[in-house]
Amino acid sequence: MDENNVGGQADSDNHNDYTNDEGKKHDTDFHQDGLVMKPIVDTLANDDSSPLASPSSNGELESTPDSSATPSIVESKKKDEKKPGEPEVGPTVGFFELFRFATWIEILLMVIGSIGAIAAGVAMPAISIVFGQVMNVFTYQELRKDNFSLIDEISKVSLNFVYIGIGMFVACYLEVTCWSVAGERQSVRCRKQYLKAILRQEIGWYDVTKSSELATRIASDTQLFQEAIGEKVGNFLHFTSTFISGFIVGLVNGWQLALVILAITPLLAACGAFMTKMMTELTKKGQDAYAKAGAVAEEKIGSIRTVATFSGEERENQLYANNLKDALVIGRKKGVMNGIGIGSVFFVMFGSYSLAFWYGAKLITDKTYNPVAGRDWQGSDVLTVFFAVIMGAMALGQAAPNLANFANGRGAAYKIYQVIDRKSKIGSILKGRNVSFAYPSRPEVQIFNNFSLAIKKGQTVALVGDSGGGKSSVIALLERFYDPLDGEVLMDGVNIKDINVKCLRQNIGLVSQEPTLFGVSIADNIRYGNENASMEQIIEAAKTANAHDFISALPEGYDTQVGEKGVQMSGGQKQRIAIARAMIKNPKILLLDEATSALDTQNEHLVQQAIDKLMVGRTTIVIAHRLTTIQGADVIAVVRGGAIVEKGTHSELLAMNGVYTALVQRQQSGDEDAKKKLKGKGKGTHGGVKSTDDSDKQGNSSDTTSDTEEVSNDEGSNLDSSSNNDKKKKKKKKEKKEEVKSEVPILRIAKMNQAEWPFFLLGMIGALANGAIMPVFSIIFSEILKVFNSVNMYDNAITLCLWFLLLAAVAGLANFVQICSFTYIGEVLTYHLRYFSFRSIIRQEIGWFDMPQNSTGILTANLATDATLVQGMTSQRLGLIIQNIVTMVAGLVIAFIAGWKLTLVILATVPIIGFAGKVEMDFMAGFSKEGKEAYARSGQIATEAIGGIRTVSSFTAEKKVYDKFKFALEDPIKIAKKKALTAGLVFGFTQATMFWIWALGYWYGGKLVSEGEWKAPQSDINKCVPPDYIYGVSKDHCIYIQNTIHGFGMMQRVFFAIVMSAMGVGNAAAFAPDMAKATVATNAIFKLIDKISKIDPFNKGGDTLPDIRGDIEFRNINFAYPSRPNKQIFNDFSLTIPAGKKVALVGDSGGGKSTVIGLLERFYDPSQGQILLDGVPITNMNLTWMRSNFGLVGQEPFLFSGSIIENIRYGKPDATMEEVVAAAKAANAHSFIDQLPDGYDTQLGDKYTQLSGGQKQRVAIARAIIRNPKILLLDEATSALDSKSETVVQEALDNVMKGRTSIVIAHRLSTIIDSDIIAVVKGGKVVEIGNHQQLLEMNGFYANLVQRQL
């Protein structure tokens, strides 16, 4: 295919049927004649385009574009922030949009649930009709009749209660069960879609979106979403139905009074609306503040080793606390608004009682005609209308809190849907050429400038040049992590934008400089390359990548868990697993980005052979700093400043005598001296290939002793041993039981809130007053009923109405005080709990983080949810519980005084209610714990995938991750179904028992009244004597009527007092689900806060030395990593490092070299033996002070999001700008930082994707140098640099090392020949020690290593 044609064809690509020369459609055949990258950045396609190739594939290419073009990231971000016509604060979705994940099953469940809820709602107003009937039985008009039998009448009425109870049971069961199941199912579907959408986005989106926030949102936002579509909707419908049916009953039974009460409802609604609006806005702000804190936690817990190295624990703790403070301020405002809202609701409500009774009394006194009943107004009409309308109005109040849940859910859904509906820019057709490219998070920095490169099928093309020139960006564009701003990348003459992304990436194999492994077994990690791979294929790939030997030597072989981010494997082991993963994919195009930089010579040699095998017949792009590895490439392109400055074969480029020649010379001059030294004695060794192979076999046994050794502790992942699994299950059960049993430390929670005692006092007073309101109400109310049934009652009615007004004022004020105070206390408590939890996490020893149950995802998810649950239990709920206790006690006292027999009968039924409540609580407790664990597991999968998104994308493993996530969500669904069924039964039973108890109570009360249990006071009896003769009946009959009416009042008083008490108990029980969750959460939090760190950075004790010389001695060390205690790394390891000397540790990967540094930094403590610094055991030293004397630069440095200057200052927080610049200059980083538009203030993206490997390494070196450490620890510090940077950084490090004790781990022996002492570490022991010369003379392991590197 000729170049001009490609250019021409690309020109004509505005019609959708791309046809290539042979006239075939591209969707039928994917045969890669070539890949073309047209000039990238100002013009990523001038005219110098030519095919850039890869081998043929018969894979079909789906060329269906995903979506149409979307605007650039920066624009779309602005659009997200504010859409036209939307309110400034907290955009939400419409309520019905919440149900977009419902299938017909959920719709059916929701319909049945709604019918149940509406039916259950109608039951309450129906009761008011029955109340009217009861009252009718006791009117003097009825009692005057001669043939009237009180007990018969009351028995008839009582049966109505029984029937309503039965209906209530069925309705409540349907309501709770159907809505719970429907909500849970939709929420799980939403979680899946959310993760799917996140995985679908292009990499550029991740650069401008914090991945740690995404992970927190999967946990918390979906929780809010679920609350808005589950049983809360049923609850809302239930109360709304009560509201509507209440008013219907009221209007039918007496429209005059009903209208008067109705006139007040707009006031109630206004109070509610004000409250909801304020709460919604503040909730959103609060969530955002917590998301920031969550991001800090996720990033810092994920890179705990870096935090520990630089003693950053206190600083991180402070940073986390500052973000929490913002949330605290918002929380206080929330409390005040809520208090005002609810206080005014209560004031209006009790005020309306006063008005209603006054008007009712007036209607009766004036003998107003009631058309519905067809007679004058009677007391029973007032009662029915009053009850129906008040129940309706109260129901409105009970429905209102759900609105806040809906609002929160709609806000959360908006954020979730924004991600779900966002079309990835990659995977959409965008036309354009003249490519220009800049990273989305740094749009002002042009990476490529007129960059053109053509690669023919089957060619190996090497990209060389200095760090930061844009080499890795070529790979990112080819993988379509990003799209060029202009110009085009062509494969087989087809613009890669027109190729289905998945298909494109399946044909590309990527091995990068810092491979990301996932927290699963080795076999599963390799399977990411090809999920259908058989075990044989996996082993084959591992053999080719020289990984099989070390894997099979691990106790669990291929089932070994690699730990979060692969932390349990040494650098070389990770790299080999990554290479196996790329190999099993059998890609057409291979991209190698410094693939062997992290390996020691032995492995590099073998892996290089493996890669050479893999490269045969494939189009390969290699990025390398070590030029020796790429001399055989077909084309070598020198990249500088975003353009190709030279290209040709090795010999052609040398002949040009240009940039490439300079690079080669620079590397050779460095290597020459080394080689000379190496060769000095090298010839004496008889070696050659034979010895290499032998030592390989010996070497690999030690390889198993992986540096940062393997996760899987006993419960971790012994996939085969079933006995182990049984143990695990038993252990789990036991743990679970203990967990639920342990008491909630209320006293400790109270201690945390000590300083808030004035608020507690105020809140208590409010709660006490609130508690007394209902019992007082029951006294006034029973008086009113009596008054309505007597003659001449207007004056008495007025007095009672004034009492109601007083009650209204007290209720309003008490609610305001109670809510404000307790909310404040609760917010402060949440702050403390989160603060101490994070503080406890950040101070744990590193070994604790290696355990699978303490992975970043699980810890951050718990931080986000647990404290909120505990706050729920304490603050607001505490107020309500106090209030309910007062209500209960006062109610019982009033009841016993009014009528002890009836009270006792009704109380006998309490155990039934209590039992129902207890059962409810137990069920909830069990479920909330299981559900939480189950969701945490899925959260961990999401966190890990989002963190390693580039790896997931390049292996098109999105589906695999998604399937794992889906599988992890199966448990929560099962638990939720069980929970829904039992909760439905229990809820139905508790609701129905109330009605049955009423039936019993009224029947027995009526019996007592008819037997003359209560005697009317003398003043009432006197009315039966002339001249006050009333009722027009005989004196005895008159006394009977008076006693009966008085008895009715007392019976009602007992009733209402007990009903109020029961409501108190019931409300306390209504918090069962939350209390249960909170109990589990509180135990978890205090368990975490009490966790004593074995190596505590906050411990201020310990010795400090006035002056450090730097003598280090390892004495008879035994050590195994805590996550795998049965795997010894060191066995009687000893090593002496004299002050001021440079000591090099060499040997094969996984021999335990990095472990030496881990023990010296006290990331771990040895199980036996001592490490001495200047003769003092390091365990006796102050940890922070000791670490401040070490400067550590590791192989894969971790930089934090934030600016470059903040990252360098991490080594020394109080460093001046001059010191920062000096350190950067020393690390050869100043020049590249200076060229960035924002210089030292350049923000590094989340997971710092904005810098090349070499640049990162130099910033990390600057961070270590700025501390001016007495002891330098370099773990492969320069392996990731190109030769130019390496030379300069090596010089810088040599300068820094002068006069300091230095421990250097290196695979490239040339860098450590000049060390004072070289120790060969193998199988966890020092097998040879001496300087270069002495070791060569021994002619042992070291000589063998040297021989291999020549």
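- At most 12 non-hydrogen atoms from other residues, nucleotides or ligands lie less than 6.0 angstrom from OH of Y163.
- Of the possible polar contacts, one joining the N1043 side chain to the A1016 backbone as a donor-acceptor pair under 3.5 Å is found.
- By the 30° and 60° cut-offs, the orientation of the rings of F138 relative to F1048 is parallel.
- Scanning both residues, V162 and A999, for their nearest heavy atoms gives CG2-CB, 3.7 Å.
- Taking the ring-ring contact (aromatic ring centres under 6.0 Å, His included) definition, one finds that F239 meets it with nothing, sequence neighbours left out.
- Remark: the backbone N or O of M135 is not paired with any side-chain donor or acceptor of T139 at under 3.5 angstrom.
- Side chain of W1014 to backbone of A898: a donor-acceptor contact under 3.5 angstrom is found.
- Screening residues 893-904 for side chain to side chain donor-acceptor pair (under 3.5 Å), with sequence neighbours left out, gives K901-E1013.
- Heavy-atom minimum distance, C172 versus Q991: SG-CG, 3.6 Å.
- At a cut-off of 3.5 Å, with distance as the only test, no side-chain donor of N136 or E142 sits close to an acceptor on the other residue.
- Side-chain contact between N147 and K145 is present, with at least one heavy-atom pair separated by less than 4.5 Å.
- Looking at heavy atoms from C-beta onward, T384 lies out of side-chain contact with F131 at the 4.5 angstrom threshold.
- Atoms CD1 and OG1, on I780 and T799 in that order, are 11.5 Å from each other to the nearest 0.5 Å.
- Taken from CG in L800 to CG in L807, the straight-line distance is 12.0 Å, to the nearest 0.5 Å.
- With values rounded to the nearest 0.5 angstrom, S1010 atom OG is found 9.5 Å from I154 atom CD1.
- The ring-ring contact (aromatic ring centres under 6.0 Å, His included) pairs that include a residue from residues 796-815 are Y353-F804, F357-F804, F777-F804, where partners are two or more places apart or lie in different chains.
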| task | Please assess F781 against F387 for the test ring pair (Phe, Tyr, Trp, His ring centres under 6.0 Å), listing each intermediate value before the final yes or no. | result | CA-CA 12 Å; F781 191 70; F387 260 124; 5.5 Å; yes
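- Side-chain contact check for V130 versus Q133: some heavy-atom pair is nearer than 4.5 Å.
- Taking all atoms of both residues into account, the shortest heavy-atom contact from G1049 to S782 is O-CB, 3.5 Å.
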| query | Do T993 and F169 pass the side chain to side chain contact (heavy atoms under 4.5 Å, CB included) test, and can you show the C-alpha distance, the side-chain angles, and the key distance before you say yes or no? | reply | CA-CA 9 Å; T993 38; F169 177 76; over 6 Å; no
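- With contacts defined as side-chain heavy-atom distances shorter than 4.5 Å, the pair Y1040/L150 qualifies.
- Residues V1054 and M1050 form no side-chain contact, since every pair of their non-hydrogen atoms from C-beta on lies 4.5 Å or further apart.
- Listed by chain and residue number, nothing satisfies the salt bridge (charged side-chain N to carboxylate O under 4.0 Å, His left out) test with K1015 (two or more places apart in sequence, or in another chain).
- Residues Y1002 and Q1052 have side chains that bring a donor and an acceptor to within less than 3.5 angstrom of each other.
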| Taking it one step at a time, do F816 and F346 satisfy side chain to side chain contact (heavy atoms under 4.5 Å, CB included)? | CA-CA 10 Å; F816 172 71; F346 271 92; over 6 Å; no
| query | Under the side chain to side chain contact (heavy atoms under 4.5 Å, CB included) criterion, do F347 and L813 qualify, and how do the steps go? | reply | CA-CA 8 Å; F347 175 73; L813 189 67; over 6 Å; no
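- Closest approach of S778 and F1056 over heavy atoms only: CB-CB, 3.6 Å.
- Taking every heavy atom of both residues into account, G116 and A171 meet most closely at O-CB, 3.3 Å.
- Checking side-chain atoms of N815 against main-chain N and O of A811 turns up a donor-acceptor pair under 3.5 Å.
- Not a single salt bridge (charged side-chain N to carboxylate O under 4.0 Å, His left out) links E227 to another residue, sequence neighbours left out.
- Across all non-hydrogen atoms, the minimal contact from F995 to A123 is CZ-CB, 4.3 Å.
- A distance of 4.5 Å separates OG in S821 from CG in L762, rounded to the nearest 0.5 Å.
- For W179 and F236, the distance between ring centers is not under 6.0 angstrom.
- With hydrogens and angles disregarded, no donor-acceptor distance shorter than 3.5 Å links the side chain of T177 to the backbone of L174.
- Contact annotation: the side chain of V137 never approaches that of L143 to less than 4.5 Å [non-hydrogen atoms, C-beta and beyond].
- Counting only distance, with no hydrogens or angles, the side chain of T242 and the backbone of H238 share a donor-acceptor pair below 3.5 Å.
- To the nearest 0.5 angstrom, L902 atom CG is 8.5 Å from L1000 atom CG.
- Put simply, the side chain of I779 reaches to within 4.5 Å of the side chain of R1053, judged on heavy atoms.
- With 3.5 Å as the limit, one finds no donor-acceptor pair spanning the side chains of D381 and N253.
- Looking at heavy atoms from C-beta onward, L257 lies in side-chain contact with V382 at the 4.5 angstrom threshold.
- Sparse packing is recorded around CZ of F759, with 12 or fewer heavy atoms of other residues, nucleotides or ligands lying under 6.0 Å away.
- The CD atom of Q378 sits 12.0 Å away from atom CG of L383, with the distance rounded to the nearest 0.5 Å.
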| said: Checking W1003 against L159 for the side chain to side chain contact (heavy atoms under 4.5 Å, CB included) test, could you report, in this order, the C-alpha distance in whole Å, the side-chain angles of both residues, the deciding distance, and whether it holds? | reply: CA-CA 9 Å; W1003 170 80; L159 273 178; over 6 Å; no
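- When only modelled atom types and interatomic distance are considered, D1020 and Q1042 share no side-chain donor-acceptor pair under 3.5 Å.
- For the side-chain hydrogen bond (donor to acceptor under 3.5 Å, both in side chains) test, no residue two or more places apart in sequence or in another chain qualifies with N405.
- S354 places a side-chain N or O within donor-acceptor distance of the main-chain N or O of C801, the cut-off being under 3.5 Å.
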